[in-house]
Structures are given as structure tokens and as C-alpha cells.
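Structure first, then comments.
For ligands, and for the atoms within them, numbers begin at 1 and follow the listed sequence. This is a predicted model, so every value here is computed, not measured.
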Amino acid sequence: MSQWATRCVVLLSALALATQVFHLLRGDFVHPSRRHSEQPVAPQDPPLPEAVRNKVIGLVVSQKQPSLANNLLQLSTNTHFNARSVRISRDPAAAKTDSVNSRRFSHFRCVGDDNNPEGRRERICVFENVCYDTTNSQWTYHVRGNSSRKPVLFDATNGERLEFYESRQDYQVGFVALSGFTEGSTDWWPTISTSPSPAVQSPESTVVLDSLHALFHLAVHDDNLGHLLWEEMAALWYGMIRLNAFSDELVPMHMLGSLPDRKLNVKFRTAFMPAITPKDPVSFNDYMKKTVAKQRAATHVCFDQLMAGGNMLRFFQSHGWHNQGHEPLFYSLRNRILKHHGIDPEVVPKTHRIVFTNKTETLKKNIDGGLAKNRGIANLRELVQHVQTKYPDVDVQVVEWQKLSIKKQLDLMHSTTIFITPSGGVSTLLPFLPEGGHAIILDYFERKGEAYYGTQAGTSVSMEAPMWNHFPFIKKLYYQVWGSQDFVSDIPGKSVEDVDWRYEASVKVDFERMDKLIEAAFEDMEP
Ligand SMILES: *[C@@H]1O[C@H](CO)[C@@H](O)[C@H](O)[C@H]1NC(C)=O
Ligand SMILES: *[C@@H]1O[C@H](CO)[C@@H](O)[C@H](O)[C@H]1NC(C)=O
């Protein structure tokens, strides 16, 4: 029985091959790669009847709807939570005169684990009516002095917690973390004060800021675009939406040091922050000084709404779960960024373009005086020539991204159909490919396993896959690697066996294996 099936399959395959050879000999064989999207269906496919074809195309056009991003944002634009949530005074007389926010006492609401102090790594909150005392640099959360203390967290092991911090042996655990990178040292919390807010106690020495403000921190010192954009800056975007606190007046306040003045950090901030908020990010200490200077003798700044937390690692294998359900947030921000740069996110190219990343120069660069890193394509020149020869009708470009303005980078990316790139920061522009575009990303091989990155020994690691898994509008193809034969050492004088394959080796691409991925991409983009 199975023998018959096998023979049948072999016979059919032989027939298909014979048909192709026949076309080849006749000279009307068209390589799949040359067939652009606007061209008719492939010769070997039965053509769709005219009526059906029109119907299919018509359906796509008529289904065009406002993007999910717009729908999401309509939930709560600029409306303070206190103005749309339950606020009822227990004193009926006061209820008649009270505004929705009396500013007397603080409130908070969060997303994250309410039952574990360690939830601070992921927790993100909006605090209402919290204040900053500029004379002693203290944050205060105001509660009634004449009532018992209320729980802020329900620790499943140790019971109710009445403070926003917890003392451990030699450090304090806060309520939220301002960075996903460090343990402990970027934690933030307000101290509970059993008195009404200075906004009502001492208004003459208090400035009240009524628009949404956020605390954030940029921790990546090499300004790796992946971490800087999709984790750190974008945390503000995700946070506003996840907390139904969306505002187009968000003021991001950088804490734990001034805003970095590194050239690359400024370049990325200038290009991407305006898609998140029209307000320029500020250095917290400077901003507080300027704010109190506006009012004579002011010492306190109170915030109607202060967002903090939610800056989480998203790229490491051990943190992929952070991205579950965040797909609309990634998609909406990607669209906002393209629109900010004058690019219509819904436009797709009509002809193919293959773009290679060239990382040659970064090999020479020493980051923070440390080891030279490349993680490139060792035989880039040969690979590019091979692809150009194989697909002479396709526009093939080799790009050194750092030499282009962000606008140029986005224009190029959004008109590329196949993006071939090493993994790492340089690959993290791939969300700006057109919808349905393909990225071919080079893996590295994990020899021993790393708990920090969550990688297993003996695996071909797709470095950013835990994040890209949640970008369903781009197709990802991974070029897998299986051992020393796939690598070249980037460290002069060191053999490939003696270097770190995540950081100190480039991939020597096998053309046959790469061809298969390029063919897969072309085929998937066929109409
Ligand atoms: C607590 O003090 C507030 C004024 O700060 C007052 O309105 C309220 O009635 C007091 N509550 C109790 C239980 O005494
Ligand atoms: C990559 O960039 C380097 C440095 O600018 C250049 O010398 C090299 O020719 C480029 N490689 C390709 C294949 O374009």
C-alpha cells in the first residue's frame, strides 16, 4: 500500500520536473523570482476564473477599515481616570460640592501581579495625586491619618503589605522597576504620608501638574535600537494603552540621571519619541527645578496622574512571555512611527527589492572601550554577487544603516520585500518592512546554554525571535547554524573554537541554504 503511494508521489514529482524542463527547453520558463506581484498567476497554477478573481480583489478593498490602533486609542484620549471612574463621597453634603478629583488623597491602579512583591519587574501603575518634595527629593502618597492603613499588595506568602517598598537584608525592593535591565537599583516607590496632599494643605508652595506624566529610564548604554526603541522608549506607549491612560500630552520624565547626550541616543530619541508623544522628554531634576521656579516659594510638585514601571526585557528567550497579547501595541506604534515620517503604513511595494545589512564597519568600532563586536556575514560580498546573478531583475542593495538618516532608513525598509540581516540591534528595523514583507535573519549557535538569555545548549538560537514572534505582519525566516563550520572568528589571532559565538563570530553563509529561504520568501509573496 505505502509502496504504491511512494511510487505515485515519485511519478508525480517526475512529471512536474519534466514539465519544468520542457518549459526550460522551450525558453518560456519564468523563474519564480522574476514574477512580480502584479503579474498574472504562475504558469503551472490553474488561472482563477475572471469573475472569481475580481470578487477576491474586490473583497480585500471593501474590507478596508480604520486601523486597530485608532480604535484602541479612542478608549481614553486625555480623559483622566478620576473623571471617568467611581468617585462618590460618603458625606452627601460634600458630594454636592466635590469635584471628581479633590486632590486631597492619592490613588493608584496597576497591571501586574498583585500577589507577589517580585511582580515589580513587570508591574506598571498610574498614581493619582502623588507629590514630589523638591527639598528632600521624596515622593509621597497621601492617605487619611484617622483611618487604619490599607493594603497595597496581597503577598501570597507573607500577607498584606501596607507600604510600597519592602526592606530586604541590604537593599529595598520597590513597587515598580524603571528598567528591565538591573535588579533592585532602578526600583521606584512613593512613601506613604498620613496627611492630605500639599496640593490642598499648602497650595501656595505647591505646583500641580494635571496632564499625564511618566517616569522612565534609558539603561542601554550602547543605544542598541532594539532595546532602546522597542523596550525602553516604547514602554511609555504600551503603558498608556495597557492602563487605559492614553494621553496625547504625555510628558516623559527621565529619572536616575539626565537624558543621555550620546549622539546615537539623541538621534534615535529625536526620530522615535515624537510618535509616542508630542511633548519632548525631559530630565526629571531639571524639570522639577524649572517647574518650582515658576511659582515663588514652591517646594512641592503634585501630579494628577503619574505613570511608572513597565519597562521590561522583551528580546531574551527567558522574557518572551512579556510579549503575549502585546501584538496590537507593537503594530500600532510601528504605524505611528511610519506616519510620523510621512510614510503610509498601508502602502506596499509593487516590485521586489532585496536589502542586505552590511556590518563591516562596526567590527572596527570599540564600544565603551570593550571588545570589538561584529556578528556579521563573513562572505557578504560573495553572497551579494551570488544573489545578484541569480535574480538579475531584482533590485539588490547592500546597506550600512548607520550612514543613513532615520527617515531614509524607514523609506528604504518600507519599500523592501526581502531583508537579509545578521541578528542583533541592526535587525530591529524589520517591523518597518511593508506588511507581508520577509526578513531572513541569521542565527547563532549556543554551545553551552545561558540562563541569563534563556538559551539551551546545542540549539540554533534566533536571537530576537521571542519578540518577532509577536509581529505577525512580517514573515520571519531564520537561517539556522549548526556548528563551527558555519562561523568565522571576528577576533584576530583567535580560532573560531576559542571565541564566543554570540558576540565574536560572523556567519559564513552557505548559498544553497540561503537560496532556499529566498525562494520561500518569493513563493510566499506570490499572488
Ligand atoms: C477623617 O478625617 C477626614 C478629614 O481629613 C474627615 O472628613 C473624616 O470624617 C474623618 N473620618 C473619621 C472616620 O473620623
Ligand atoms: C560593506 O561596507 C564596507 C565599509 O564601508 C565596504 O568597504 C564594503 O565594500 C561593503 N560591502 C559590500 C558587499 O557592499
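Ion pair E464/K476 not flagged as a salt bridge, since none of the NZ, NE, NH1 or NH2 atoms sits closer than 4.0 Å to an Asp/Glu carboxylate oxygen.
Under a 4.0 Å criterion applied to the non-hydrogen atoms of K403, ligand 2 contributes the atoms 5 (O). Of all the atoms in ligand 2, the ones that sit under 4.0 Å from a non-hydrogen atom of N358 are 1 (C), 2 (O), 3 (C), 8 (C), 10 (C), 11 (N), 12 (C), 14 (O). Atoms of ligand 2 lying under 4.0 Å from at least one heavy atom of V398, given by number and element, are 12 (C), 14 (O).
Sorted by first then second residue, the side chain to side chain donor-acceptor pair (under 3.5 Å) pairs that include residues 378-388, not counting sequence neighbours, are H386-D515.
Aromatic rings from F487 and F445 are positioned such that their centres are separated by 6.0 Å or more.
Every residue was checked against the side chain to side chain donor-acceptor pair (under 3.5 Å) condition with Q456, not counting sequence neighbours, and none meets it.
Contacts of Q397 with ligand 2, taken as heavy-atom pairs under 4.0 Å, are absent altogether.
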